[in-house]
Structure formats: C-alpha cells, structure tokens
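Below: the structure, in structure tokens.
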Amino acid sequence: EEYYRYVIEKNYMKDEFKEMGKSMGNEDFLSSLIDLLDKTGVRYLPMSKFGVKEDDLSRIAEISYNIGFDFDPYKLTKEDVFNILKKSYR
C-alpha cells in the first residue's frame, strides 16, 4: 500500500493508475487497492511475522533498490525505498 501511496502522491503514472482504478470499479486506485487488501485480510500483515526486524529495513532497501526498480518509468532513490519500507513495517 505504501509503495503505491508514494507513487501516486508523486503523481507518477497518473493516467495509468486512474485506468487501473476504473478497472477495479473506482477511479481512485489506492482506495480500490486498500479495499482489496482489507477483503483478503493482508492489509496489516506484518513483516515481523516473517522474521523481518526493523533493523533489517536499511539492508532490504539497499538490496531492493539494486535489483528491483529498473523497469519502473520513474526513479526511486534508496531513501525513497527505505521510507516506503519504514511506513509499511509492522
């Protein structure tokens, strides 16, 4: 959720997210996504349940940044990735 919140707040791919929202029955993609996450019971699934510690987030951000965002049409910094993980951590 936090990744999409960040991308939408930065106004990246505005038209694409609007279209995805429409395909989910709502022009607001983030609201549709949150609804889906709530209905499936995974919205508040904690990373800590899988052994991730808050101290691990910096390393996870570094690894994710180095291997995971090459195909996005916008550029995230390592700090962006870390902040998204920090907001998502439970």
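All residue numbers in this chain count up from 1 along the given sequence.
No donor-acceptor pair under 3.5 Å is formed between the side chain of Arg43 and the backbone N or O of Gly41. Side-chain atoms of Asp35 never come within 3.5 Å of backbone atoms of Ser31 as a donor-acceptor pair (strictly under, hydrogens ignored). Although no hydrogens or angles enter the test, the distance criterion places no donor-acceptor pair under 3.5 Å between the side chain of Ser64 and the main chain of Ala61.
A continuous path of hydrophobic side-chain contacts links Tyr89 to Val42 [ILVMFWY only; heavy atoms under 4.5 Å]. Note: the hydrophobic cluster containing Met47 does not contain Ile63 (ILVMFWY, side chain heavy atoms under 4.5 Å, direct or indirect links).
Atoms CE and CG, on Met20 and Asp28 in that order, are 11.5 Å from each other to the nearest 0.5 Å. Of the inter-residue distances, the one linking Ile34 atom CD1 with Asn26 atom CG reads 10.5 Å to the nearest 0.5 angstrom. Considering CE of Met13 and NZ of Lys18, their distance stands at 15.0 Å, rounded to 0.5 Å. For the atom pair Tyr3 OH and Leu85 CG, the distance stands at 12.0 Å (nearest 0.5 Å). Interatomic distance, Ile8 CD1 to Lys14 NZ, rounded to the nearest 0.5 Å: 11.5 Å.
At least one side-chain heavy atom of Asp38 sits under 4.5 Å from a side-chain heavy atom of Tyr44. Put simply, the side chain of Phe17 reaches to within 4.5 Å of the side chain of Val7, judged on heavy atoms. Within the 4.5 Å cutoff, no side-chain heavy atoms of Leu33 are placed close to those of Arg5.
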Going through the distances and angles, do Leu30 and Glu9 end up as a side-chain contact (heavy atoms from CB on, under 4.5 Å)? CA-CA 10 Å; Leu30 190 56; Glu9 286 174 358; over 6 Å; no

Test side-chain contact (heavy atoms from CB on, under 4.5 Å) on Asn66 and Lys78 and set out the steps. CA-CA 9 Å; Asn66 289 330; Lys78 287 181 191 177; 4.1 Å; yes

When you look at Leu57 and Val52, which way does the side-chain contact (heavy atoms from CB on, under 4.5 Å) test go after all the steps? CA-CA 8 Å; Leu57 297 182; Val52 176; 4.2 Å; yes

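Contact detail for Pro46 and Arg90: the closest heavy-atom pair is CB-O, 3.2 Å. When all heavy atoms are compared, the tightest approach of Leu36 to Met24 is CD2-CE, 4.3 Å. When all heavy atoms of Ser32 and Gly21 are compared, the pair lying nearest together is OG-O, 4.0 Å. Residues Leu76 and Tyr65 share a closest heavy-atom pair of O-CE1, 2.9 Å.
In this structure, Phe29 and Tyr4 have perpendicular ring planes: the angle between them is above 60°, well past the 30° mark.
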